[in-house]
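In what follows, a structure is listed as structure tokens, so that the remarks can point back to it.
Numbers here simply count residues along the sequence, with the first being 1.
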Amino acid sequence: NNNNNNNNRNVRIVSGSTDETIRIWDLERGDCVRLIEGHKDFISKIELSVIEGKRYIISSSNDKTIKMWEANFQNNNNNFPGNNSKNIPGNNNNNNNGGNLNDGMVRTMKGHEGWVNSVVVEEGGGVVVSGSEDTTLKVWNVRTGECVRELAGVGKQAVKGVVMRGDEIYVIVGNLVLRYRMLFF
């Protein structure tokens, strides 16, 4: 019987792409079950997080923003296996601004002057940390979208990656990994 329960489980994968979209895939069928539009340049990083009991997708992009989306992993009635077109069956909005598929966006965090290469969510879900081509590391309040801290000129090079473990942040700059200790409030 335990095998039967595993067969009925829906496993989803979330991807970000150079086509400026986030897609949620049904792993079993290989179908795209949800398309999320809203960024204006390619997606550089995707993070999944549970914040106050709700699931969210946090995305960073070369459009210099971080976006927070409700993580609705259900079909949005647009079954389009492998469809790369923005003209999705069932979407009657022809202006390609995402229409009802953009409704899951919670907020946009703006403030970087360069591409946002990396984003990570603090374990408790209270803050997002982003790293950018503009050599800054920014700490964002997820509830308000405000930048609450900025560390400028990190390693005097573009921030290529950010990893968080507990209260430590590891920042990839050039061929260096820098370690910072953060105090969260």
Side-chain angles (χ1 to χ4, degrees), residues 10-122 125-134 136-147 158-162:
N10 290 326
V11 179
R12 304 287 196 237
I13 293 178
V14 180
S15 66
S17 178
T18 57
D19 71 359
E20 305 169 9
T21 65
I22 298 168
R23 293 175 189 259
I24 300 175
W25 301 87
D26 181 303
L27 185 61
E28 179 80 18
R29 296 188 332 241
D31 292 345
C32 180
V33 296
R34 184 162 181 235
L35 176 73
I36 302 171
E37 296 178 298
H39 279 291
K40 297 186 183 338
D41 206 334
F42 77 79
I43 313 291
S44 56
K45 179 94 186 284
I46 296 285
E47 281 282 314
L48 301 177
S49 184
V50 176
I51 302 168
E52 296 176 352
K54 291 180 79 174
R55 293 186 298 185
Y56 294 94
I57 299 167
I58 312 292
S59 57
S60 61
S61 170
N62 275 17
D63 66 7
K64 305 176 188 176
T65 67
I66 299 106
K67 293 186 183 285
M68 183 174 174
W69 314 85
E70 289 180 357
N72 176 0
F73 292 107
Q74 303 305 311
N75 287 10
N76 61 358
N77 298 323
N78 294 319
N79 295 322
F80 48 100
N83 185 354
N84 288 324
S85 172
K86 290 186 179 182
N87 297 317
I88 301 163
N91 181 4
N92 295 325
N93 184 347
N94 292 324
N95 63 8
N96 281 344
N97 69 357
N100 62 349
L101 302 179
N102 199 13
D103 288 348
M105 187 170 23
V106 175
R107 70 183 38 86
T108 300
M109 294 166 248
K110 297 180 183 179
H112 281 291
E113 294 178 16
W115 299 341
V116 184
N117 294 322
S118 190
V119 65
V120 66
V121 182
E122 178 248 342
V127 298
V128 169
V129 179
S130 60
S132 172
E133 287 288 319
D134 65 12
T136 64
L137 194 66
K138 291 184 185 278
V139 180
W140 308 86
N141 179 319
V142 294
R143 288 165 193 82
T144 65
E146 290 180 78
C147 178
V159 177
K160 296 296 186 183
V162 180

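- Between the side chain of Ser49 and the backbone N or O of Tyr56, no donor-acceptor pair lies under 3.5 Å.
- Looking at residues two or more places apart in sequence or on another chain, you find a side-chain contact (heavy atoms from CB on, under 4.5 Å) between Thr65 and His39, Asp63, Lys67, Thr108, Lys110.
- Residues Ser130 and Met109 are not in side-chain contact: their nearest non-hydrogen atoms beyond the backbone lie 4.5 Å or more apart.
- Using a 4.5 Å heavy-atom cutoff, the side chains of Val162 and Lys45 are not in contact.
- Under the 3.5 Å distance criterion, the side-chain polar atoms of Thr136 are left unmatched by any main-chain donor or acceptor of Lys138.
- In this structure, Lys160 pairs ionically with Glu133, as a charged nitrogen and a carboxylate oxygen lie closer than 4.0 Å.
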Could you go step by step and tell me if Arg143 and Glu52 meet the side chain to side chain contact (heavy atoms under 4.5 Å, CB included) rule? CA-CA 10 Å; Arg143 288 165 193 82; Glu52 296 176 352; 2.7 Å; yes

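- Nearest heavy-atom pair across Ser44 and Ser118 is OG-N, 4.5 Å.
- Judged purely by atom type and a 3.5 angstrom limit, Asp26 uses its side chain to pair as donor or acceptor with the backbone of Glu28.
- The distance from the CD1 atom of Ile22 to the OG atom of Ser15 is 8.5 Å, given to the nearest 0.5 Å.
- Between Leu48 and Ile57, some side-chain heavy-atom pair lies under the 4.5 Å cut-off.
- We find the CD1-SG distance between Ile24 and Cys32 to be 8.0 Å, quoted to the nearest 0.5 Å.
- The minimum heavy-atom distance linking Ile43 with Ser59 is given by the pair CG2-CB, 4.3 Å.
- Of the possible donor and acceptor atoms, one in the side chain of Ser132 sits under 3.5 Å from a partner among the backbone N and O of Trp115.
- Counting only distance, with no hydrogens or angles, the side chain of Ser61 and the backbone of Asp41 share a donor-acceptor pair below 3.5 Å.
- Contacts classified as salt bridge (Lys or Arg N to Asp or Glu O under 4.0 Å) and involving residues 111-120 (residues at least two apart or in different chains) are not found.
- Although no hydrogens or angles enter the test, the distance criterion places no donor-acceptor pair under 3.5 Å between the side chain of Asn141 and the main chain of Glu146.
- Contact record, Phe42 with Glu20: N-CG, 4.1 Å, taken as the closest heavy-atom pair.
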Apply the test side chain to side chain contact (heavy atoms under 4.5 Å, CB included) to residues Glu122 and Val139: give CA-CA distance (whole Å), side-chain angles for both, the deciding distance (0.1 Å), then the verdict. CA-CA 10 Å; Glu122 178 248 342; Val139 180; over 6 Å; no

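- Thr21 contributes no side-chain N or O that, together with a main-chain N or O of Leu35, makes up a donor-acceptor pair within less than 3.5 Å.
- Side-chain contact check for Asn117 versus Val159: every heavy-atom pair is 4.5 Å or farther apart.
- For the side-chain contact (heavy atoms from CB on, under 4.5 Å) with Trp69, the qualifying choice from Arg55, Met105, Arg107 is Met105, the only one to do so.
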